[in-house]
Every structure is written in C-alpha cells, then in structure tokens.
Amino acid sequence: MSVSEAGKRLLDLNSVFAKEHGHAPLAYVHSYGCQQNVSDGERIMGRLTAVGYDITDDTENADLIILNTCAVRENAEDRVYGRLGDLKKLKQRRPELVIGVCGCMAQLSHAAEKIRESYKHVDLVFGTFAYNELYRLLYQVRSGGGRVFEQSERPNDIDEEFVQLRGSSFQAFVPIMYGCNNFCTYCIVPYVRGRERSRAPDSVVKEVAELVRNGYKEITLLGQNVNSYSYGFSELLRRIDRIEGDFRVRFMSSHPKDASRELIDTIIDSRKICKHLHLPVQAGSDRILKAMNRGYTVDKYLETVDYARSRDPEFSLTTDLIVGFPGETYEEFCMTKELIRRVRYDNIYSFVYSRRSGTVAARMKDDISDKQKGLWLRELLLEQRETSSEWLKRFVGKVSRVLVEGEGRSGEGWLTGKNDQAVIVEFEGDKPLVGSFVDVMITTAMNWALKGRIV
Ligand code: SAM
Ligand code: SF4
Ligand code: F3S
C-alpha cells in the first residue's frame, strides 16, 4: 500500500474513533537527544495531526505514544529503556494503546532486537531512515498487522513538503541537511543517520521567509556539520540574511575542520546572523584529536578562533568536549583545560566518553575508570566556571538585545532569554514579553548567565 493511501485510511480510522469517543485520538510524542531529533519529532507530530490525531503531553490519556530516541551515549539509551519499562503497565491497562519507538536508537539493529525480545508491549519500531513511511507502518499496526519493525538500509529521500507542528511560536528549527560523513571514531551518528544529504537552498530560504512572516523571531539552522552543506553554507546564510523582518539566525553544528574565514566574515558582516559559533573541539591534544579522526589540530582550531576574535573581539564561542576518550592521559586531559582557558568559551557542553558498539573507538583499549572520568569532568567544569565568569564580564555596563524565552531561574517575576551571543540573560519583567526582543542593560555577570534590567 502506498504511503498516501495509508494516510487516507488512517484518517478514516481516526474519524470513526472521533465519532465513537467524542474526540480525536490523542498522540504523545517525546523527542530525546539533539535539536535535529526535536525537529524530526515536530515533523512526526505534523504528520500525525494531518491524519486526524490531536497532540497531548500526557501519556495517561494518549492513544498513541511515540518515543523518538537518541543513541549518542549509553545513558541516552538507558533512559529510553527505563521509560519503556514504565509504559508496560499503561499498555496492560489499555491494550488498544499503540506504543512506537523511532529515532536514532531504533535505527540500531541491536536496540531493535532488544525491544523485540524484552519489551513486547512495543508495537512499532522504525529508524530514522523510514520517517516518510510513518503512515504505512502505523496503519499496518492499527489495522491488526501485529508488531511492526522497520529497519531500512537506505534513508528516505528528503521530503521538502513536510508538515510540522512546531513546539514554539517564536523559535524554530530548520534542518538544512541530514546525516554525517565524518565518522569521528567515538560517534554513532553516521551509522544511525546515514550519509550527508542537503536540502535545496530555495526550499530552506522559502521556509525561513515564511516563518519570519508568521512572526518567528529566532531561526536555528540544523545539520551535523552545516559547513559541508552541498550548495554552499555561507551563500545560504547571505540569502537568509537578506530576508526582511525582525528576526535572528543561529545554526549548529559547525565542524572546525570546515569552518572557513568566509563563514566568519559572512557572520560578522551580516545583519541577522548571531555573532556566535558553536565550534565543537572535543579535546585539547593533537594525539587525541587524531585518534578521534577529527581532521584538525589544536593550532588549526585556534587559527579559526583567533581570526573570529580579530574581526570581533567579543565574538562568542561555545563548544562540545569529551573527557576520558580511550587512552587519554591526565596530561592530555589537562591540555583540554588549557584550551578552554585560552579560547574563553561562553559555554561548554562536556561529556564523559561513552563506548558505542560498532564505532572504531569501541575497539580501542579504554582503561580509565568511570570514577576517574567523572572526576576529570568535574575538574573541567570548575575550570570553565572560573574562565566564563571572567569572560562574561565583557557584557557588563552594555546593552544586550535579548529574545525573551520564559520564566527565569532567579525567582518570582524574573524572565530569561538569550542575547545575540547565545548567553543566558535574566531580568525582571512581565510574562507577556515572552517571544519578543527586549534591550537589557547588563549589571552582573554570574558564571552561568548575565543579570540586568530592561531599558
Ligand atoms: N556533529 C556535531 C559535531 O561534530 O560537532 C556533534 C553532534 S553529537 C550529536 C553532539 C556531541 O555529543 C558531540 O559533539 C560529542 O561531544 C558528543 N558525543 C558524541 N559521541 C559521544 C560518545 N560516544 N561519548 C561521549 N560523548 C559523545
Ligand atoms: Fe558525530 Fe563527528 Fe559526525 Fe559530529 S561530525 S555527528 S561528532 S561523527
Ligand atoms: Fe541526535 Fe542523539 Fe541522534 S544526539 S543525531 S538524537 S544519536
């Protein structure tokens, strides 16, 4: 049966359901992992609403539950198994409930097998390569076809006409490419997301323009390595920058081996692109970078950093770091600490190395204990806290333009948002400001955020 035929039949099933129950069937979709996955989740919800589902955020009353999973680290997988365990009781109480697992973990055959054997209450498992097949697979389950497992070998073609149900009315994710060709030795992503495929630039520009027309204030372009966007990433940014309207643009991630001067010039010379790069360095020693297959040295990375700061001394950088890669010595770990001191990041996302079977690093000797790795991670965070509280002071006494995101952590009456450099800013204000830009005079730099008052 074709996908569109299956879509029509699902719509029929759901209108019968609505007549019988007095409301549409409810779908609960939870996305784990990175923004790319959150964006996929928005598309899945879009597709579900197009065939008559309503979305709920409560599993208790859901008729369909989909967990959109992440496989990047072991604890991401464990969380999903824990959640699936919890859902067993719900399925026993309501056998007509359909439970599905999709996303990166579902693309891994060992995980799909484990679900098949140990989580028999799961009805549907489909990997990232099969999203366009959602209607066909779901219809198969709904029409009594038993449990359905779909592990395509080849990714679906890019669907430029996708519908999506966005989680926010002012911040939007726009994927510009899928997959990854880099095969960093520790990373599972190329195995679960396939090779790089880029969306057509006209289609991306059209989507951004439409979002801006609909009042979106922040557009985040997504890809595992946006710098290898097939049609030229800097050119795409320049086209987006020419769109009229009150909005700003972010993007991630930017692989250091492909971050060019042209990219930095484009950002700095633009009107709408935030003066910030998320430039994941992963480690501060050349030997470990080589073992990770990252394709750059520390010096090459620093050249990019120095060029950005030579053009804009306040240019903001954030990064990802892994501690305890197989064979990393304490001296090599200390080189990572040195690097954060040298670069001065506004924020770091640091992770303890997690062995992913099937990757090259999984076959390397890993003799650093988890306890040791945990201690290194703490040391790293402490270093970052000290560096960032100093570095964030550059904003004090100046006005930052902030997109208000919601209630702040500083207590009642406080709001939170981010400035153009992606630094968190907290200030007192009224909730109706959420979703709009405000100018905030920065008065204090803490180690995780800035505080100020609206001017
Ligand atoms: N494509 C991005 C890049 O290369 O910059 C990274 C995407 S990955 C989903 C996000 C981060 O997860 C990586 O930058 C890395 O720090 C971390 N990561 C990936 N595999 C990991 C592993 N096996 N153990 C620990 N952290 C890992
Ligand atoms: Fe993973 Fe490396 Fe690809 Fe990033 S670039 S997704 S870390 S393989
Ligand atoms: Fe993202 Fe996790 Fe997949 S980080 S690409 S959801 S493995």
Side-chain angles (χ1 to χ4, degrees), residues 30-42 44 67-80 101-108 111 127-129 131 155 173 175-196 221-229 251-259 277-284 288-289 291-296 301 304 317-326 328 336 345 347-364 366 368 370 373-374 376-377 380:
H30 183 81
S31 296
Y32 297 83
C34 61
Q35 283 93 334
Q36 191 91 55
N37 228 33
V38 172
S39 166
D40 289 343
E42 292 181 341
I44 290 168
L67 302 186
N68 181 24
T69 61
C70 169
V72 79
R73 285 170 288 274
E74 196 176 351
N75 57 10
E77 280 195 35
D78 289 346
R79 234 177 299 153
V80 173
V101 177
C102 66
C104 293
M105 208 176 130
Q107 188 66 38
L108 289 170
T128 58
F129 291 1
Y131 286 154
F173 292 132
I176 63 164
M177 55 188 298
Y178 305 93
C180 180
N181 290 353
N182 291 306
F183 288 95
C184 302
T185 54
Y186 50 83
C187 185
I188 199 73
V189 171
Y191 302 89
V192 293
R193 292 263 169 188
R195 296 298 70 73
E196 287 173 358
L221 307 175
L222 298 177
Q224 292 302 344
N225 175 12
V226 289
N227 298 329
S228 57
Y229 178 67
F251 56 87
M252 67 187 307
S253 284
S254 194
H255 196 303
K257 79 176 163 58
D258 302 314
L277 258 188
H278 181 63
L279 202 60
V281 66
Q282 312 298 356
I288 295 295
L289 287 175
M292 288 176 161
N293 189 32
R294 288 292 287 178
Y296 53 85
Y301 182 90
T304 309
L317 289 157
T318 52
T319 202
D320 292 349
L321 292 161
I322 295 179
V323 304
F325 183 82
E328 188 172 41
T336 305
Y345 291 105
N347 203 354
I348 62 166
Y349 302 87
S350 45
F351 312 99
V352 163
Y353 167 75
S354 172
R355 188 180 166 279
R356 303 284 64 207
S357 80
T359 61
V360 172
R363 298 196 298 272
M364 297 177 185
D366 178 13
I368 317 158
D370 286 345
K373 289 179 192 173
W376 290 5
L377 185 69
L380 193 70

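Order of appearance sets the numbers: ligands from 1, and atoms from 1 within every ligand. Along the sequence shown, residues carry numbers from 1.
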Student: Please assess Leu108 against Val192 for the test side chain to side chain contact (heavy atoms under 4.5 Å, CB included), listing each intermediate value before the final yes or no.
Tutor: CA-CA 7 Å; Leu108 289 170; Val192 293; 3.6 Å; yes

Student: Is the shortest side-chain heavy-atom distance between Thr359 and Tyr191 below 4.5 Å?
Tutor: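 Yes; the side chains approach each other to less than 4.5 Å.
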
Student: Does the side chain of Cys102 reach to within under 4.5 Å of the side chain of Gln107, using non-hydrogen atoms?
Tutor: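 A side-chain contact under 4.5 Å is absent here.
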
Student: Distance to the ring centre below 6.0 angstrom and angle to the axis at most 45 degrees; does that hold for Arg73 and Phe351?
Tutor: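 Yes.
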
Student: Do Cys180 and Arg193 make a side-chain contact, defined as non-hydrogen atoms from C-beta onward lying under 4.5 Å apart?
Tutor: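 No, every pair of side-chain atoms sits at 4.5 Å or beyond.
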
Student: Does some side-chain heavy atom of Glu196 sit less than 4.5 Å from a side-chain heavy atom of Gln224?
Tutor: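 A side-chain contact under 4.5 Å is absent here.
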
Student: Give me the protein N, O or S atoms that fall under 2.8 Å of atom 2 (Fe) of ligand 2, sorted by chain and residue number.
Tutor: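 You should have found Cys184 SG.
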
Student: Could you tell me the residue and atom name of the protein heavy atom closest to atom 3 (Fe) of ligand 3, and the distance to it rounded to 0.1 Å?
Tutor: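 So the nearest neighbour among protein heavy atoms is Cys104 SG, 2.2 Å.
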
Student: I'd like to check which ligand 3 atoms, numbered from 1 as shown, lie under 4.0 Å from a non-hydrogen atom of Cys70.
Tutor: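 Going through ligand 3 atom by atom, the ones under 4.0 Å from Cys70 are 2 (Fe), 4 (S), 6 (S), 7 (S).
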
Student: Under 4.0 Å from a heavy atom of Gln224: give me the atoms of ligand 3 that qualify, with their elements.
Tutor: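 Close to Gln224: 5 (S).
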
Student: Any donor-acceptor pair under 3.5 Å linking the side-chain atoms of Asn37 with those of Ser31?
Tutor: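 Their side chains do not contain a donor-acceptor pair, so the 3.5 Å distance test is not met.
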
Student: Please determine whether any non-hydrogen atom of Gln35 lies less than 4.0 Å from an atom of ligand 3.
Tutor: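 It does not; every heavy atom stays at 4.0 Å or beyond.
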
Student: I'd like to check Leu321 versus Tyr345 (side-chain heavy atoms, cut-off strictly below 4.5 Å). Are they in contact?
Tutor: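 In short, these two side chains do not touch, never coming nearer than 4.5 Å.
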
Student: Salt bridge check: are Glu328 and Lys373 linked by an N-O gap of less than 4.0 Å?
Tutor: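 So Glu328 does not pair with Lys373 through a salt bridge.
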
Student: Could you tell me if any non-hydrogen atom of Gln36 lies under 4.0 Å from any atom of ligand 3?
Tutor: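 Gln36: no contact with ligand 3 (<4.0 Å).
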
Student: Pick one of side chain, backbone, both or neither for how Met105 approaches ligand 3, counting any non-hydrogen atom pair under 4.0 Å.
Tutor: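 Answer for Met105: neither.
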
Student: Going by heavy atoms in the side chains, are Asp320 and Gln282 under 4.5 Å from each other?
Tutor: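 Answer yes - side chains close enough.
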
Student: Nearest 0.5 Å, what's the CD1-CH2 distance between Ile368 and Trp376?
Tutor: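 Here the rounded value is 4.5 Å.
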
Student: Are any of the side-chain heavy atoms of His278 and Tyr349 separated by less than 4.5 Å?
Tutor: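 In short, these two side chains touch, coming nearer than 4.5 Å.
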
Student: Please write down residue, atom name and distance for the protein heavy atom closest to atom 7 (S) of ligand 2.
Tutor: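 The closest heavy atom on the protein side is Tyr186 OH, 3.3 Å.
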
Student: Give the atoms of ligand 3, by number and element, whose distance to some non-hydrogen atom of Asn37 is under 4.0 Å.
Tutor: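 So the answer, numbered in order with elements, is 6 (S).
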
Student: Among all protein heavy atoms in this structure, tell me which lies nearest to atom 7 (S) of ligand 3, with the distance rounded to 0.1 Å.
Tutor: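 Atom 7 (S) of ligand 3 sits closest to the protein heavy atom Ala71 N, 3.2 Å.
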
Student: Going by heavy atoms in the side chains, are Phe251 and Ile176 under 4.5 Å from each other?
Tutor: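 In short, these two side chains do not touch, never coming nearer than 4.5 Å.
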
Student: Indicate whether any N or O donor in one side chain lies under 3.5 Å from an N or O acceptor in the other, for Asn68 and Tyr131.
Tutor: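 Short answer, yes.
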
Student: Within 2.8 Å of atom 1 (Fe) of ligand 3, is there any N, O or S atom belonging to Cys34?
Tutor: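 So Cys34 does bind atom 1 (Fe) of ligand 3 by this criterion.
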
Student: Give me the pairs of N or O atoms, one from ligand 1 and one from the protein, that sit under 3.5 Å apart.
Tutor:
from	atom 1	to	atom 2	distance (Å)
ligand 1	1 (N)	Gln224	O	2.8
ligand 1	1 (N)	Gln224	OE1	3.0
ligand 1	4 (O)	Arg294	NH1	3.1
ligand 1	12 (O)	Arg73	NH1	3.1
ligand 1	14 (O)	Gln282	NE2	2.7
ligand 1	14 (O)	Asp320	OD2	2.6
ligand 1	16 (O)	Gln282	OE1	2.7
ligand 1	18 (N)	Arg73	NH1	3.4
ligand 1	23 (N)	Tyr186	O	3.0
ligand 1	23 (N)	Ser354	O	2.7
ligand 1	24 (N)	Ser354	N	2.9
ligand 1	26 (N)	Arg73	NH1	3.3

